[in-house]
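Below is one structure, written out as structure tokens; the observations come after it.
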2 protein chains.
Amino acid sequence: MDAEELNRFIESWGSMGILWGINRSMARIHAYLLVSEEPVDSERISSYLNISRGNTSMCLKELRNWGVIQRVNISGDRRDFYMAEPDTWKMLYRIAIGRKSREFDPALHALRHLLSETDTGKSRKVHERLTQVEEILTTLDHFIDRFLESEEKSKTILSFFRNFAPK
Amino acid sequence: MDAEELNRFIESWGSMGILWGINRSMARIHAYLLVSEEPVDSERISSYLNISRGNTSMCLKELRNWGVIQRVNISGDRRDFYMAEPDTWKMLYRIAIGRKSREFDPALHALRHLLSETDTGKSRKVHERLTQVEEILTTLDHFIDRFLESEEKSKTILSFFRNFAPK
DNA sequence: ACTATATTTCAATGGTTTCTGAATAGAGTG
DNA sequence: CACTCTATTCAGAAACCATTGAAATATAGT
């Protein structure tokens, strides 16, 4: 993978960051770590991607919170080095779990709260509509939980998906 | 459903808009239509939610593009009235389809493009890692397509989800 | 304890998205 | 056709978010 290809990847990963719900800088840094064989230090990241040291530091912290990168120490070197989570599966789980807990769960919670406090008699039609939404989201919620529950199980589910939706 | 509860719902639906990938105003308007028994006109939406007429008009247009609300005419009245898509299922499909085509598909496409142009020999480890990601996303892609393919079929899939992930 | 280097924090900046309100277009009516 | 009411557009204002860079903090080695 030559430098040009590498940059093309970094930039496209950066712009597809929306999909994971992370911003451009974070995604670019993540991409850079993904394509680096060896752990790299923050100075190198910052200068290669033209991101300030400060921002680089904050992004690395965030990415660590997400669990998609790891900090490693190299003996005899005072600097911190970083590498992408080496297990692709684990990485994707972490991203999915993060998104779910930040977006999906609060949404579902709010809806349930609303329904529990709503007088069913007052406007039946509306109440039924919202109940339907709640049911669907609840089912999806359980499903996603199972899907994310363990690595091995998820691999099984994936193979189910393959059979169910071949083409 | 009293006014306070109604507002609470509108606001939480508004802030969960991120989940559907739509902005606050659009989501609030959508929520208001969801909980309205009868079709409402744009003036009423605008004054109830404190959103300018101009913005209301643009949001309604967007929501119609998404297919999650409908414009209806009431004879003898020159105004346009709006109502939420009455079929909850259809509504959720429309949202899911929109998100997939705006976020998921371009991301997957970019990744494939990258892989097709990458020299496999140069950095095997990285190439393998990306290929893994591509495979997983492709499988999910097919699965989601099937899931969204038709109303009836999706209902079947939902019941599968229920059995697979009861609790 | 001191120095040199690495890291983190945060106020200020710059950029992007969203919203407003006035201008414009359009549709129905006498 | 002139009038009235409604809908849409769009330039500028406001709100929001990401990024910088300098200052503060932390740490390792001497």
Side-chain angles (χ1 to χ4, degrees), chain A residues 10-11 13-33 39-66 69-83 98-99 102-103, chain B residues 10-11 13-33 39-66 69-83 98-99 102-103:
Chain A
I10 289 171
E11 298 316 320
W13 197 260
S15 45
M16 85 172 71
I18 310 162
L19 182 66
W20 323 122
I22 70 183
N23 72 36
R24 225 180 95 82
S25 296
M26 272 174 72
R28 288 176 72 223
I29 291 174
H30 185 216
Y32 185 61
L33 294 178
V40 291
D41 68 279
S42 118
E43 155 61 21
R44 187 152 151 227
I45 295 169
S46 155
S47 66
Y48 188 87
L49 300 177
N50 280 308
I51 297 173
S52 73
R53 288 155 191 284
N55 196 18
T56 301
S57 165
M58 286 194 296
C59 288
L60 288 169
K61 190 181 167 188
E62 268 289 290
L63 288 167
R64 248 183 309 136
N65 288 341
W66 278 66
I69 68 170
Q70 295 171 5
R71 180 152 61 181
V72 293
N73 287 315
I74 292 181
S75 66
D77 199 317
R78 141 191 324 192
R79 290 168 297 174
D80 290 338
F81 288 80
Y82 297 89
M83 60 183 288
R99 259 211 116 147
R102 278 176 309 114
E103 299 184 8
Chain B
I10 289 171
E11 298 316 321
W13 198 259
S15 45
M16 86 173 70
I18 310 161
L19 183 66
W20 321 124
I22 70 185
N23 73 35
R24 223 181 96 80
S25 295
M26 272 174 71
R28 288 176 73 225
I29 291 175
H30 185 217
Y32 185 61
L33 294 178
V40 291
D41 68 279
S42 116
E43 154 62 21
R44 187 152 153 226
I45 295 169
S46 156
S47 65
Y48 188 88
L49 299 177
N50 280 308
I51 297 174
S52 73
R53 289 156 189 282
N55 196 19
T56 302
S57 168
M58 286 193 298
C59 289
L60 288 170
K61 188 180 167 188
E62 269 289 291
L63 288 167
R64 250 182 309 136
N65 288 341
W66 276 67
I69 69 170
Q70 294 172 4
R71 181 151 61 177
V72 293
N73 287 316
I74 291 183
S75 66
D77 199 318
R78 143 191 320 191
R79 290 168 296 176
D80 291 337
F81 288 80
Y82 298 88
M83 58 184 289
R99 257 211 118 147
R102 277 176 310 115
E103 299 186 7

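Because the structure is a prediction, the values reported are computed rather than measured. All chains are named by letter (A, B, ...) in the order of the sequence lines, taking the proteins before the strands, and each is independently numbered beginning at 1.
Here the options are A:Arg78, A:Arg53, A:Arg79, the test is salt bridge (Lys or Arg N to Asp or Glu O under 4.0 Å), and the partner is A:Glu43; only A:Arg53 passes.
In this structure, A:Asp80 reaches the sugar-phosphate backbone alone: every heavy-atom distance under 4.0 Å involves primed, P, OP1 or OP2 atoms, never a base. Across all strands shown, B:Asp77 has no heavy atoms under 4.0 Å from either base or sugar-phosphate atoms. In this structure, B:Ile51 reaches the sugar-phosphate backbone alone: every heavy-atom distance under 4.0 Å involves primed, P, OP1 or OP2 atoms, never a base.
Rounded to whole Å, atom C1' of D:dT6 lies 11 Å from atom CZ of B:Arg71. Distance A:Leu49 CG to D:dT19 P: 12 Å, rounded to the nearest Å. Whole-Å rounding puts the A:Lys61 NZ to C:dC10 C1' distance at 12 Å. Nucleotide D:dT20 holds its P atom 9 Å from the CG atom of A:Asn50, rounded to whole Å. Distance A:Asn55 CG to C:dC10 C1': 13 Å, rounded to the nearest Å. For the pair A:Asn73 CG and C:dA6 P, the computed distance is 14 Å after rounding to whole Å. Atom C1' of nucleotide D:dT8 and atom CD of B:Glu43 are separated by 15 Å, given to the nearest angstrom. With rounding to whole Å, B:Ile45 atom CD1 is found 10 Å from D:dA7 atom P.
Taking CG from B:Leu60 and CG from B:Asp80, the interatomic distance works out to 9.0 Å, rounded to the nearest 0.5 Å. The CD atom of B:Gln70 lies 10.5 Å from the CG atom of B:Leu33; values are rounded to the nearest 0.5 Å.
Distances shown here put a side-chain N or O of B:Asn23 below 4.0 Å from the OP1 or OP2 atom of C:dC19. A close approach under 4.0 Å does not occur between any side-chain nitrogen or oxygen of A:Ser52 and OP1 or OP2 of D:dG21.
Between A:Tyr48 and A:Tyr32, the ring planes lie parallel to each other; the angle is under 30°, not in the 30° to 60° tilted range.
When every heavy atom of A:Ser46 is checked against every heavy atom of A:Thr56, the shortest pair comes out as CB-OG1, 3.5 Å.
Heavy-atom nearest nucleotides on DNA chain C were determined for A:Ser57 and for B:Ser25, and the one closer to the 5' end corresponds to A:Ser57. Mapping A:Met58 and B:Arg53 onto DNA chain D by nearest heavy atom places B:Arg53 closer to the 5' end of the strand. Across the interface with DNA chain D, nearest-nucleotide mapping of A:Arg78 and A:Met26 shows A:Met26 to be the residue nearer the 5′ end.
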